[in-house]
Amino acid sequence: MTDSSLTEYVKRAFEYKAAGNFKQAIENLYKALELDPESSEILAEIAGLYLELSNTDKAIRYYEQALLFDPNNVSVKFKLARVYKQVNLVSKALPLLRSICEQDLNPLYIAEILNVLYLESDFEGVIEFYQKPIVYNSTNAKIHFYAGASYLALGDTVKARELYQKSLQYDKSDYNIVYSCANLLFDEGNYKEAAKTILSSPVAKTNHKTFYLLGEICIAEDNIEEAINNFAKACKLNPRNPLYYYSLATAYSVKGFMKEAEENYHNAVKLSPNNLFYAYTLALVYYQTKQISKAKEKIESILNINSENINALVLKARILTDENNVVEAEQILKTVLKKEPKNDEALYIRSQVFKKLGWWEKAIEAINLAMKIVPDSLEYISEAVTFNFEGKNFSEAEKLCKKLIELNDKFIFAYINLAEIYVKQKRFSEALENIDKILELDINTPEAYIIKAKIYRENKLYDQAIEFVKQAITLSPDSNEYYEMVADIYFEDKKFKDACKFYKEAAQFDVTSEKLRYRAAKCEHILGELHEAISDYSIARRLKPQDIDLAIDYCDCLCDVEDYKTALDVLKKSLDYAPDSETKNKILQKADYVNQKIIENLSGFQKFMVRFKK
């Protein structure tokens with residue numbers, strides 16, 4: 001074989017390479033290598049072709065062989081270093097790059113060694129290298145970028161921003177540089193500049209990361225609708241990223257679009273089934289949308305993977321509490337709080353357990369612990385207000401209401417509760433001041449008119465009180481409590497016909513309430529509408545047979561129509577519900593009274609019959 005044959009093989013190899021026929025190119029180079037087995041150029045070219053075929057193992061082997069025959073070949077060293085980096089053999093790439101930079105401080109080589117040092121987390125090494133005048137004076141954007149990234153990793157955001165901006169001066173077309181600079185501005189809270197920077201890239205609108213960052217910026221600026229638009233674009237450009245779906249779902253959730261939130265949380269879980277936080281969030285949405293069986297199923301699937309998952313256990317305890325299974329809920333919460341004594345959500349739910357049990361002191365203790373962890377939580381402080389109010393700790397409830405107002409002077413709940421506290425303490429003028437503030441914030445707040453009604457009722461100004469409750473009913477026509485309140489005021493004012501009408505209207509909203517039927521019956525009894533009263537007493541008694549006072553009043557009404565047999569039957573059945581001997585004696589005394597009436601009636605009937613026979 002002659003030199004011309006070698007040249008011919010190399011020429012054909014390059015022709016095949018140009019045509020994209022890499023395997024044929026390699027075959028010709030192998031033939032050329034047989035003629036010149038120590039040619040570092042041919043070995044390096046073979047390595048490059050294997051790299052084109054994604055065969056990194058052979059690429060490395062042939063680059064290494066090329067270096068054996070030409071150990072000072074900077075180009076081969078650099079290419080080999082890059083392949084090492086590609087296959088995560090960074091420790092092998094670094095010495096090669098150091099050797100290259102000793103021979104040639106080409107900006108391309110400097111950028112590569114800084115990149116490798118950064119990947120090795122040798123941030124001090126990057127900065128040390130960067131401080132060489134020939135390096136920091138370079139116009140290569142990547143050099144300043146890697147230095148900035150290293151300063152950022154070490155916590156120096158000011159220097160990082162300076163170098164990111166410097167790298168942008170030299171190359172605005174490198175999307176990674178633009179994105180990193182924008183992301184840093186976002187982290188620093190400079191949202192407008194972050195958005196402007198990311199959109200300065202010529203490829204910004206084709207990259208999913210752009211729209212994800214813009215979505216995050218919109219969330220920070222409380223522009224949820226625009227955040228939804230941006231997250232949706234990010235999902236469209238990269239439909240395999242679960243974080244994008246998670247963020248989109250969260251934005252939908254904030255806006256109250258729970259169906260869309262559920263759908264996108266589901267997408268996130270589908271793409272990342274082992275991410276238990278995504279699964280928990282989906283379970284939480286199921287809970288919030290009252291799909292309790294789905295929430296339970298998702299919680300159990302999480303606990304099957306990790307039986308100690310705190311989020312799932314806390315949500316399970318919340319559901320159990322809602323279902324009044326407070327014993328099991330408390331057992332779970334004890335376990336959670338043993339591991340995480342500062343889990344504020346677990347403490348909050350524990351306070352709800354105690355609330356269900358009517359243990360106000362324990363409820364207050366639990367919610368106070370939650371507030372110590374998250375002192376500015378409006379939800380926790382609001383619950384503490386409720387617990388202290390129910391526990392008659394009015395001074396503490398008042399103090400908490402004022403704290404809520406300090407945190408948010410437009411928080412109507414605080415003003416409503418403060419007014420309620422003042423009414424309880426008979427501080428009526430202060431209560432009215434708070435009601436004025438409520439109506440200033442929202443004239444259509446029914447609770448404001450209800451509290452006004454309480455003040456007027458307390459002062460026996462019944463007509464005015466009724467008018468205020470009726471205003472509340474106009475604003476909230478489905479509230480049976482308001483109808484009941486009107487009825488109670490009419491009853492106090494001895495306007496029994498009106499009271500009866502409103503008790504019956506309230507009963508239409510709550511057909512299970514024995515109290516409303518009982519009170520309607522009492523009104524009818526007083527008015528002498530005895531048959532209507534008996535009907536309502538009967539319904540009330542079926543709803544709550546253990547109510548002894550109801551049974552006795554029913555008995556009296558039956559006696560008024562001389563239905564003594566039914567009256568005795570009512571009293572007899574009531575004996576089964578007597579909680580103590582005193583109550584039992586009360587029932588027996590009433591039974592004696594009914595028996596006496598029967599005897600009197602019988603005696604009267606006998607006398608009548610004697611006269612009749614004469």
Review point. Judged by atom type as modelled, is there a donor-acceptor pair below 3.5 Å linking the side chain of N434 to the main-chain atoms of E430?
Key: yes

Review point. Is a side-chain donor-acceptor pair under 3.5 Å present for Y246 with N264?
Key: no

Check your understanding: Is the Y245 to Y265 ring centre distance short of 6.0 Å?
Key -> no

Review point. Would I455 and I435 count as a side-chain contact (heavy atoms from CB on, under 4.5 Å) if you check the C-alpha gap in whole Å, the side-chain angles of each, and the deciding distance to 0.1 Å?
Key: CA-CA 11 Å; I455 293 169; I435 292 166; 4.0 Å; yes

**Study point:** Salt bridge E396-K399, side-chain N to carboxylate O under 4.0 Å
**Key:** yes

Practice item. Show your working on ring pair (Phe, Tyr, Trp, His ring centres under 6.0 Å) between Y212 and F231 and close with a plain yes or no. Key: CA-CA 5 Å; Y212 179 71; F231 287 141; 5.6 Å; yes

Review point. Looking at K316 and E300, does any basic side-chain N land under 4.0 Å from a carboxylate oxygen?
Key: yes

Side chains of residues 525-545: which donor-acceptor pairs under 3.5 Å do they make with residues two or more places apart or in other chains?
residue, atom, partner, partner atom, Å
H525, ND1, Y537, OH, 3.3
H525, NE2, D560, OD2, 2.8
E529, OE2, K497, NZ, 3.2
D536, OD1, R517, NH1, 2.7
D536, OD2, K504, NZ, 3.1
S538, OG, R542, NH1, 3.2

Check your understanding: Under 6.0 Å between the ring centres of Y483 and F509?
Key -> yes

Practice item. Tell me, yes or no, whether the heavy-atom count around E361 atom CD, taken from other residues, nucleotides or ligands under 6.0 Å, exceeds 12. Key: no

**Study point:** side-chain contact (heavy atoms from CB on, under 4.5 Å) between F394 and R427, worked out
**Key:** CA-CA 12 Å; F394 298 126; R427 295 157 65 182; over 6 Å; no

Check your understanding: Is any NZ, NE, NH1 or NH2 atom of the basic residue among D493 and K460 found under 4.0 Å from an Asp or Glu carboxylate oxygen of the other?
Key -> no

Check your understanding: Taking NZ, NE, NH1 and NH2 as the nitrogens, is one of them in K586 or D549 under 4.0 Å from a carboxylate oxygen of the other?
Key -> yes

Review point. Just by modelled atom types, is the V285 backbone N or O under 3.5 Å from a matching donor or acceptor in the T289 side chain?
Key: yes

Check your understanding: Is it true that E390 and K355 make a salt bridge, defined as a side-chain N closer than 4.0 Å to a carboxylate O?
Key -> no

Review point. Do D463 and K495 sit within salt-bridge range, that is, some charged N less than 4.0 Å from a carboxylate O?
Key: yes

Check your understanding: Y490 and F496: aromatic ring centres closer than 6.0 Å?
Key -> no

Point to revise | Test applied, ring-ring contact (aromatic ring centres under 6.0 Å, His included); reference residue, Y456; option that passes from Y449, Y462, F468 | key: F468

Point to revise | SB check K402 E398 (cutoff 4.0 Å) | key: yes

Point to revise | Main-chain N/O of F389 paired with N393 side-chain donor or acceptor, under 3.5 Å | key: no

Which atom pairs, donor and acceptor, lie under 3.5 Å between side-chain atoms of residues 319-331 and protein residues at least two apart or in another chain?
residue, atom, partner, partner atom, Å
T321, OG1, A317, O, 2.7
D322, OD2, Y287, OH, 2.5
E323, OE2, K296, NZ, 2.8
N324, OD1, K356, NZ, 3.1
N325, OD1, E328, N, 3.4
N325, ND2, E328, OE1, 3.2
E330, OE1, R350, NE, 3.1
E330, OE2, R350, NE, 3.0
E330, OE2, R350, NH2, 2.5

Practice item. Look only at the side chain of N408 and the backbone of K410, and say whether a donor-acceptor pair between them is shorter than 3.5 Å. Key: yes

Check your understanding: Does D488 come within less than 4.0 Å of R519, counting only side-chain N to carboxylate O?
Key -> yes

Practice item. Quick one: do F428 and Y422 satisfy side-chain contact (heavy atoms from CB on, under 4.5 Å)? Show the steps, please. Key: CA-CA 6 Å; F428 299 129; Y422 290 148; over 6 Å; no

**Study point:** Neighbour count above 12 (heavy atom, 6.0 Å) for E481 CD
**Key:** no

